[in-house]
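A single structure is presented below for examination.
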Amino acid sequence: MSEIKKVKEAKLMTDEMYSPEEIFEFEKLINDSFSDFKEGEIIQGTISGFDKDNVVISLGFKSDGLIPKNEFASTEEIALGKIVDIVIESVEDEDGVLKISKKRADFLKVWRIILDANENDKILSGKIVRRIKGGMVVDVMGIESFLPGSQIDIKPIRDFDALVGETMDFKIVKVNIPTENVVVSHKVLIEEKYASQRDEILKGLEKGQILEGTVKAITDFGVFVDLNGVDGLIHITDLSWGRINHPKEVVELDQKLQVVVTDYDKDKKRISLSLKQLTPHPWDNIETKYLIGDKVGGKVVSLTEYGAFIEIEKGIEGLIHISEMSWTQHISHPGQFVSMGMHVEAIILSLDKSDKKISLGMKQLTPDPWSELLTKYPVGSHQKGIIRNLTNFGAFVELEAGVDGLIHISDLSWTKKVRHPGEIVKKGETIEIVVLEVNTQERKISLGHKQIENNPWTELEKNYKVGSLVEGKVSKIIEKGLIVELGGKVDGFVPQAQLSSSKIKNLAYCFPIEDVLKMRVLEFDIENKKIVLSVLSALKEMSDAEIEKYITDHKLERTSAQSIKKADTGKFDPKDFDIYDENNLGSEVAVSDSVEEDLVPEVEDSIETEESTSETEENKEN
């Protein structure tokens, strides 16, 4: 102690107090005293005294150093004369005192053991002291080492905190000498333990073998099972004969279960397992459990565009086609009738054991209403119905819930040339109809609206004889002429060539709707129900002044009274009347049992009057 004080006091002296020879001798003395010491080297020293919270260590050659008492373990004895291992960190610190450390010496002694264990694959014991991100901190002989979460066990760890405080064996897997960091593993010891056992299992593996294992991990696609150190996979489709959405519906983590080996890839060491094959296939004795005509119940497990799959029992599903859901309603998607998870009842229509297919029907649970329709709606009877939908080819009328019939566009009016059903009837309107035909086999009902009245064309023939003069109002404008409404609510057709001696560029401009015209009947066709009219023929018997007034009123160009009188009004093109025939008023299509609003285009209140547009729509229907 007195020597340390002398060193400190010497620090306060100046060079002027010594001669150069004395300074040289003093430095030589110090160098000789530490000639055998090297920084970082472990040496032994003796406890020679105490100074407050420090212990004085004598190294011989009049060299002493200080070590804080907290570098000694709480159970370690600190006594004069005791020999301790220390490390010289610095021969002289800023105060000129020898800097030594017992703690560093203890660390280096353990570090040598760590390095030896790493080089020679030795096992060390350690205690898990706390949890950190990515793993745990392990105290190995006083050195804190890192234990990654993936190196704890071959099984996934559920609760890391439960491991704190446990002591277990480890192997050194990585040492970073510059940073003095250590990474350890407990998993490698377990793998070594199971290595021989794994080899025995793999050698004896064969298809059909039944093994016992533990559920190690659960994924969306299947379950990993630990077979005593060997992992196998049960695909989700091999968990149950029935349909499942997730493996958790069948198994849980750490569950013990028996499995069947279904495949083993020796090269990739992949083991495929099955749980469902431990039980008989539900289709094996299907013919003893279910017969055609039996009533069964089940849960809707899948919906497709063509039907719904019903799980009758685990592993046995049947299909209800959309056509077998209702006698009367037209169903475009099964979602209109059933929903996922819904419990439904049905009748077995067919059963194919070889293809594992069962056809089911829901409508067969109730009587077929079509068998009674002929009695309820006899042909020729007058009925009332509600317009449910309009199409280019006709109107669908609801006779009762689920029973619809079609009024074809040609059966809406005797006298009107209907381009669209919306001209005569409106959606939601209640109208009178006559039953024209009931086809129970094809499930079609044909209806007529014009048939509620007698055919007026026999009487009309008397009023509109060929050559007679008539008067009418323009009701429609089409590409090839005008549709005019005559007295008696019958329509006639005026070809464009019978309106002017020259071509008219814009009929709508020259002949607006409601324009009143005088015309002569050129043709009356009772069979095709059409009347052809001519304005030019009527004008020929008028004065030039009246003709000029007609030309002026209708803004006709390149036309004169003389050209009109010379015009040939006796000829017209029959093709002009193609759009006038009933066959072109709409396209025959099969009448659905019940047409839903989402299957038929919505009809606007305003109807397109241009013939080209109408023809395009009709051709699409054809």
Side-chain angles (χ1 to χ4, degrees), residues 155-159 210-227 231-265 270-286 289-290 294-325 331-353 355-362:
K155 301 176 183 177
I157 302 300
R158 317 290 178 215
D159 185 5
I210 298 176
L211 301 173
E212 187 175 284
T214 305
V215 176
K216 180 178 180 180
I218 300 176
T219 67
D220 291 338
F221 57 85
V223 177
F224 286 95
V225 179
D226 178 17
L227 305 170
D231 289 349
L233 172 66
I234 308 175
H235 194 267
I236 187 171
T237 56
D238 285 308
L239 285 169
S240 171
W241 291 113
R243 191 189 297 255
I244 61 173
N245 296 317
H246 196 278
K248 287 183 179 179
E249 298 175 20
V250 181
V251 298
E252 59 185 21
L253 288 171
D254 299 324
Q255 179 181 344
K256 302 272 186 188
L257 45 79
Q258 286 189 324
V259 291
V260 177
V261 178
T262 57
D263 193 20
Y264 172 49
D265 188 330
R270 290 180 182 175
I271 305 173
S272 298
L273 306 172
S274 175
L275 183 63
K276 70 181 184 182
Q277 291 189 19
L278 290 172
T279 58
H281 197 293
W283 277 84
D284 289 346
N285 57 347
I286 189 76
K289 294 189 290 184
Y290 303 106
D294 285 355
K295 180 180 176 181
V296 295
K299 182 177 69 173
V300 178
V301 292
S302 179
L303 294 177
T304 67
E305 291 189 359
Y306 53 83
F309 285 92
I310 311 301
E311 185 180 62
I312 302 172
E313 64 174 76
K314 288 294 184 183
I316 299 180
E317 295 180 4
L319 170 66
I320 304 177
H321 193 269
I322 53 176
S323 62
E324 301 297 342
M325 290 185 171
I331 300 172
S332 61
H333 191 278
Q336 299 171 227
F337 217 70
V338 297
S339 58
M340 286 291 293
M342 179 179 176
H343 187 274
V344 299
E345 292 183 335
I347 300 295
I348 296 177
L349 304 180
S350 66
L351 193 154
D352 188 339
K353 183 178 179 180
D355 290 337
K356 296 182 176 58
K357 291 181 180 179
I358 298 179
S359 296
L360 304 173
M362 293 178 67

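FYI, side chains are in, hydrogens and waters are out, and symmetry mates aren't considered; it's all heavy atoms of this structure.
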Derivation and outcome, side-chain contact (heavy atoms from CB on, under 4.5 Å), residues Leu233 and Leu273: CA-CA 6 Å; Leu233 172 66; Leu273 306 172; over 6 Å; no
Residue pair Asp254 / Val215, side-chain heavy-atom distance below 4.5 Å: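 Answer no - side chains too far apart.
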Test item: Trp283 side-chain N/O and Lys353 main-chain N/O as donor-acceptor pair under 3.5 Å: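 Flag not set: sc Trp283 to bb Lys353 has no pair under 3.5 Å.
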Shortest non-hydrogen contact from Phe309 toward Glu317: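 Nearest heavy atoms, Phe309 then Glu317: CB-OE1, 4.1 Å.
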Within 6.0 Å of NZ in Lys314, more than 12 heavy atoms from elsewhere: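 Counting other residues, nucleotides and ligands, NZ of Lys314 exceeds 12 neighbours.
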Shortest non-hydrogen contact between Leu360 and Ala346, atoms and distance: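 For Leu360 versus Ala346, the nearest heavy atoms are CB-CB, 3.9 Å.
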Lys289 vs Glu313, side-chain contact (heavy atoms from CB on, under 4.5 Å): CA-CA, chis, key distance, verdict: CA-CA 11 Å; Lys289 294 189 290 184; Glu313 64 174 76; 3.0 Å; yes
Side chain to side chain contact (heavy atoms under 4.5 Å, CB included) partner of Ile218, chosen from Val250, Ile236, Val251, Ile234: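 Of the listed residues Val250, Ile236, Val251, Ile234, the side chain to side chain contact (heavy atoms under 4.5 Å, CB included) partner of Ile218 is Val251.
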Ala308 versus Val300, closest heavy-atom pair with distance: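 So the minimum-distance heavy-atom pair works out to CB-CG1, 4.4 Å.
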Nearest atoms (heavy-atom pairs only) where Gly307 meets Pro334: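 Smallest interatomic distance, heavy atoms only, reads O-CG, 3.3 Å.
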Flag, side chain of Gln255 to backbone of Glu252, donor-acceptor distance under 3.5 Å: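 Confirmed, Gln255 side chain pairs with Glu252 backbone.
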Intermediate values then yes/no, side-chain contact (heavy atoms from CB on, under 4.5 Å), Val338 and Leu303: CA-CA 9 Å; Val338 297; Leu303 294 177; 3.8 Å; yes
Expected output: side-chain Thr262 to main-chain Ser272 donor-acceptor under 3.5 Å: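 Judged by distance alone, yes, a pair lies under 3.5 Å.
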Side-chain donor/acceptor of Lys216 to backbone N/O of Gly232, under 3.5 Å: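 No; judged by distance alone, with no hydrogens or angles, the pair does not exist.
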For the student: nearest non-hydrogen atoms of Val223 and Pro247, plus distance: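 Taking Val223 first and Pro247 second, the nearest heavy atoms are CG2-CB, 3.6 Å.
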Ile322 vs Phe337 side-chain heavy atoms within contact, under 4.5 Å: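 Not in contact.
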